[in-house]
Amino acid sequence: MTEQIDDGSPDASTDGPEKDAKSAPADREQSGPFDEAEARAVRPYIDLGAIKILPREGLNLRLEVEEQTKRIVAVGLDYAGSTLQVQAFAAPRSTGLWNETRDQIRAQIRQQGGRVEERHGPLGPELLAEIPVVAGTDPSAGKRIARFVGVDGPRWFLRGVVGGAAATDVDAATQVEDLFRSIVVVRGTTPMPPRDLIPLRMPAAPGTT
């Protein structure tokens with residue numbers, strides 16, 4: 001996997017699909033990420049509310065809590081020398097969020113003084129970013145490489161931020177992509193505005209990873 005990152009010039013992707021079109025692998029229903037209705041109920045998932053995680057050897061799970069509200073806002077997964085942060089959001093039934101969300105992420109990274117490139121990966125369009133460790137500082141002072149991936153499902157959008165080895169190493173990336181695709185999203189029936197974070201919760205019983 002190459003580490004080519006642009007210098008902030010206009011992206012070729014601006015001529016891509018309509019902003020509200022769904023973005024997902026063609027085999028998403030068969031290979032994930034899965035909707036709750038598509039998942040095999042007999043598998044020993046760790047239930048975190050908005051998402052379910054399938055335990056596997058070498059996987060460590062962390063719940064990321066917002067300091068002010070004390071609510072769980074993301075799930076962090078450490079695997080294959082890499083990190084994967086995942087969040088699930090409510091989405092419209094017939095349109096997607098990932099095309100618009102990529103534009104927002106791109107703008108935020110460039111505002112921080114980072115560089116970002118859009119490319120097509122195994123999960124579809126994704127962003128490869130070089131982000132200053134401290135926003136606004138000289139990139140030579142410290143930077144981290146991150147991949148932003150996303151998949152539009154039925155009434156939900158799953159976003160992942162990949163760091164560590166899987167941001168640049170092909171073998172590690174394949175393992176983390178498989179982990180991302182094994183996730184089950186539980187949208188629920190409660191009405192929610194699009195882009196609202198689907199609530200996460202502590203697992204009822206701690207799962208061993």
Side-chain angles (χ1 to χ4, degrees), residues 32-36 39 44-91 97-98 100-102 104-109 111-112 114 116 123 126-135 142-153 156-168 172-173 175-188 190 192-209:
F34 301 101
D35 184 73
E36 183 182 24
Y45 289 105
I46 301 172
D47 186 352
L48 302 169
I51 66 174
K52 293 182 178 180
I53 304 292
L54 189 64
R56 60 182 67 195
E57 186 176 354
L59 174 65
N60 292 310
L61 183 151
R62 293 172 286 101
L63 299 179
E64 302 183 13
V65 179
E66 189 174 60
E67 186 174 348
Q68 289 186 328
T69 63
K70 304 303 180 185
R71 69 168 181 159
I72 301 170
V73 295
V75 177
L77 302 168
D78 299 327
Y79 185 63
S82 311
T83 60
L84 172 63
Q85 182 203 67
V86 290
Q87 295 173 296
F89 300 86
L97 299 180
W98 184 219
E100 181 180 353
T101 300
R102 290 199 312 280
Q104 296 169 351
I105 294 171
R106 185 186 297 111
Q108 290 171 359
I109 292 171
Q111 188 174 26
Q112 295 171 20
V116 61
L123 298 166
E126 63 177 57
L127 297 176
L128 179 66
E130 184 180 277
I131 308 169
V133 174
V134 179
K143 63 185 180 182
R144 65 184 179 92
I145 304 296
R147 289 172 61 200
F148 293 82
V149 298
V151 169
D152 291 306
W156 51 259
F157 163 61
L158 182 66
R159 190 183 83 169
V161 184
V162 180
T168 55
Q175 295 182 71
V176 170
E177 288 153 9
D178 180 69
L179 173 62
F180 186 79
R181 297 199 72 169
S182 73
I183 292 172
V184 176
V185 179
V186 182
R187 168 61 180 83
T190 304
M192 294 180 65
R195 299 177 182 80
D196 268 17
L197 189 67
I198 304 173
L200 292 159
R201 64 167 184 257
M202 295 285 290
T208 55
T209 56

Closest heavy-atom contact between Q85 and A74?
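Of all heavy-atom pairs spanning Q85 and A74, the closest is CG-CB, 3.8 Å.
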
Which heavy atom in A166 sits nearest to a heavy atom in S82, and how many Å separate them?
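Looks like N-OG, 2.9 Å.
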
Nearest-0.5 Å distance, OG1 of residue T83 to CG of residue N60:
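T83 atom OG1 to N60 atom CG measures 12.0 Å (nearest 0.5 Å).
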
Rounded distance [0.5 Å steps], CD in E130 versus CZ in R144:
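It comes to 11.5 Å.
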
Under the criterion side-chain hydrogen bond (donor to acceptor under 3.5 Å, both in side chains), I'd like the reasoning laid out for R195 against T101: C-alpha separation, chi angles, the key distance, then a yes or no.
CA-CA 10 Å; R195 299 177 182 80; T101 300; 5.7 Å; no

Run the numbers on K52 and E36 for side chain to side chain contact (heavy atoms under 4.5 Å, CB included), then give the verdict.
CA-CA 9 Å; K52 293 182 178 180; E36 183 182 24; 4.1 Å; yes

Heavy-atom side-chain proximity of I53 to S182 below 4.5 angstrom
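No; the side chains remain at least 4.5 Å from each other.
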
Are L84 and F180 side-chain neighbours, meaning at least one heavy-atom pair lies under 4.5 Å?
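Yes, their side chains come closer than 4.5 Å.
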
Under-4.0 Å salt bridge between [X] and [Y]:
{"X": "R159", "Y": "D152", "answer": "no"}
{"X": "R71", "Y": "E64", "answer": "no"}
{"X": "R62", "Y": "D78", "answer": "yes"}

Just by modelled atom types, is the V73 backbone N or O under 3.5 Å from a matching donor or acceptor in the Q87 side chain?
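Indeed, once roles are kept as given, a pair shorter than 3.5 Å links the two residues.
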
Matching residue for I51 among V184, V186, L200 - test: side-chain contact (heavy atoms from CB on, under 4.5 Å):
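Running side-chain contact (heavy atoms from CB on, under 4.5 Å) over V184, V186, L200 with I51 returns exactly one hit, L200.
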
With sequence neighbours left out, what residues match D47 under side-chain hydrogen bond (donor to acceptor under 3.5 Å, both in side chains)?
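Partners of D47 under the side-chain hydrogen bond (donor to acceptor under 3.5 Å, both in side chains) test: R201.
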
Please evaluate residues V161 and R147 with respect to the criterion side chain to side chain contact (heavy atoms under 4.5 Å, CB included), reporting the C-alpha separation (whole Å), side-chain torsions for both, the decisive distance (0.1 Å), and the verdict.
CA-CA 6 Å; V161 184; R147 289 172 61 200; over 6 Å; no

Strictly under 6.0 Å, is that where the ring centroids of F157 and W98 end up?
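Yes - the distance between ring centres of F157 and W98 falls below the 6.0 Å cut-off.
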
